[in-house]
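For reference, the structure is listed below as structure tokens.
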Amino acid sequence: MKVYINGVFFEQEDAKISVFDHGLLYGDGIFEGIRLYRGNCFRLDEHLERLEYSAKAILLELPWSRAEISAAVCETCRKNELSDGYIRLIVTRGKGSLGLSPRSCADPQMIIIADQIKLYPDEYYSQGLKLMTAPSRRINPAALPPMVKSLNYLNNILAKIEAANHGYEEALMLNDQGFVAECTGDNVFIVHKGKLFTPHSSSGALVGITRQVVIDIAKDLGYELVESNLTRYDLWNAEECFLTGTAAEVIPVVEIDGRRIANGQPGTLTAQFLDAFHRRVAVEGTKI
Ligand code: PMP
């Protein structure tokens, strides 16, 4: 595998950055996870727009234009001879001194890894995922807006560990007010009385690219979509529940906190959205 670091391709074993990089020392950086389907980068422009938003929000001036970043992403896919895969695009503040101040970091690092991905086994898509609510909460949106996809994922990692310790693959995360925010790496949707509901970004949810695809599909299919505060009771009593994410795509949830959603089977609307999602990724995207 060839890894891109600031314009140079390295073999996987030789792809290294400094131990003084503030991305490592302080989690001072941002990232994107992008999907490649049939030689096309899915919603690449939207991912790069979010990266630029994250950079601006953390006062990290990107020394590359969107066209340059896009070209680097596509070149990394071509170099690795991928037609389907997952791209991790990372920008760190760069090498600096041991102090917190980013003033010593003159040279941001852009790292691009393009690889295969399979987040969940096939049976989770046909039989559904079971979740538990994690004790660790999503970070307060006033402290770090969830629109910023930063390298600080510690509370999500803790939630993932807490779920794993109880035999669950994935955790539901609440915000500091006790409303549902999202899962550790995916957005959450429910179906109630034929309408779709998902937490608003101000509840602590990342503005997911796949979430937006589902919102677009809902519009096309004529379903009403409501962004609102959701409690765990809303999820427990929902007719259907599913998660969305670049790596997970659209995945049904059949149980939360030991409570079965509807009859414990993936819902029909969820299947409809998963199908529509697959049809979209087959035809959309930026050719690499
Ligand atoms: N929430 C979090 C915390 C994430 O890290 C991600 C990305 N894995 C998502 C939601 C889903 O976002 P996207 O659809 O853009 O991948």
Side-chain angles (χ1 to χ4, degrees), residues 27 29-37 41-54 57-58 73 85-91 113-115 117-120 129 131 133-134 136-141 143-163 169-176 179-190 196 198-218 225 227 230 241-251 253 270 273-274 276-278 280-281 284-286:
I30 53 180
F31 77 101
E32 283 297 317
I34 308 163
R35 207 60 187 261
L36 179 71
Y37 293 103
C41 274
F42 187 64
R43 302 237 164 160
L44 180 57
D45 214 44
E46 285 85 340
H47 280 285
L48 299 185
E49 192 182 339
R50 188 170 66 184
L51 185 85
E52 287 168 359
Y53 181 95
S54 299
I58 69 161
V73 167
Y86 176 84
I87 303 140
R88 177 56 59 91
L89 165 63
I90 306 146
V91 178
I113 307 166
D115 201 359
I117 193 159
K118 189 162 178 70
L119 198 63
Y120 296 120
L129 201 57
L131 310 178
T133 306
S136 287
R137 298 269 169 122
R138 190 75 169 90
I139 205 155
N140 185 322
L144 184 66
M147 288 88 82
V148 178
K149 200 161 162 61
S150 81
L151 294 180
N152 290 263
Y153 259 58
L154 205 47
N155 62 333
N156 296 42
I157 290 167
L158 291 178
K160 193 91 181 163
I161 294 170
E162 289 154 4
E169 194 80 37
E170 183 52 296
L172 182 70
M173 297 186 77
L174 307 179
N175 65 20
D176 56 334
F179 290 111
V180 172
E182 58 180 350
C183 286
T184 66
D186 295 311
N187 290 111
V188 62
F189 285 78
I190 57 166
L196 277 165
T198 194
H200 194 269
S201 157
S202 59
S203 302
L206 179 78
V207 183
I209 305 292
T210 322
R211 175 184 185 272
Q212 187 57 48
V213 177
V214 163
I215 292 173
D216 295 347
I217 293 172
L225 185 284
E227 291 179 75
L230 294 175
C241 177
F242 61 87
L243 310 183
T244 64
T246 295
E249 303 180 320
V250 176
I251 186 158
V253 173
T270 305
F273 274 82
L274 181 55
F277 178 81
H278 281 149
R280 281 204 177 217
V281 300
E284 279 188 27
T286 306

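All ligand and atom numbering here is 1-based and tracks the order in the structure. Positions are given from 1, in the same order as the sequence printed here.
In this structure, atom 8 (N) of ligand 1 lies nearest to the protein heavy atom Gly185 O, 2.9 Å. From the protein, the heavy atom lying nearest to atom 10 (C) of ligand 1 is Glu182 OE1, 3.4 Å. For atom 5 (O) of ligand 1, the closest non-hydrogen atom on the protein side is Tyr153 OH, 2.4 Å. Annotation: atom 7 (C) of ligand 1 to nearest protein heavy atom, Lys149 NZ, 3.3 Å. Protein heavy atom nearest atom 16 (O) of ligand 1, with residue, atom name and distance: Thr246 OG1, 2.6 Å.
Under a 3.5 Å cut-off, the side chain of Arg137 and the backbone N or O of Asn175 do form a donor-acceptor pair. A donor-acceptor contact shorter than 3.5 Å links the side chain of Arg138 to the backbone of Gly204. Listed for the Asp176 side chain is no donor-acceptor partner under 3.5 Å among the backbone atoms of Asn140.
Exactly one of Thr246, Thr286, Leu48, Ile209 qualifies for a side-chain contact (heavy atoms from CB on, under 4.5 Å) with Arg43. That residue is Ile209.
Less than 4.0 angstrom separates some heavy atom of Arg50 from each of these atoms of ligand 1: 15 (O). Residue Gly208 approaches ligand 1 through these ligand atoms, each under 4.0 Å from one of its heavy atoms: 12 (O), 13 (P), 14 (O), 15 (O). Close approach to Gly245 involves these atoms of ligand 1, each under 4.0 Å from a residue heavy atom: 11 (C), 14 (O), 16 (O). Near Asn156, meaning under 4.0 Å from any of its heavy atoms, are these atoms of ligand 1: 3 (C). When each atom of ligand 1 is checked for a heavy atom of Leu206 under 4.0 Å away, the hits are 1 (N), 2 (C), 4 (C), 6 (C), 9 (C), 10 (C), 12 (O).
Counting all heavy atoms, side chain and backbone alike, Ser203 lies closest to Val180 at CB-O, 3.9 Å.
Distances shorter than 4.0 angstrom occur between a heavy atom of Thr184 and an atom of ligand 1. In this structure, Glu32 does not count as a contact residue of ligand 1, since none of its heavy atoms falls inside 4.0 Å of the ligand.
Looking at Ile209 next to ligand 1, an N or O pair under 3.5 Å apart turns up.
In this structure, Ile251 and Glu170 have side chains that are not in contact, with every pair of non-hydrogen atoms separated by 4.5 Å or more. With a 4.5 Å cut-off on side-chain heavy atoms, Val213 and Glu284 do not count as touching.
Of the heavy atoms in Thr210, both backbone and side-chain atoms come closer than 4.0 Å to ligand 1.
Salt bridge status for Arg211 with Glu227: present, with a side-chain N to carboxylate O gap under 4.0 Å.
By the 30° and 60° cut-offs, the orientation of the rings of Phe277 relative to Tyr37 is perpendicular.
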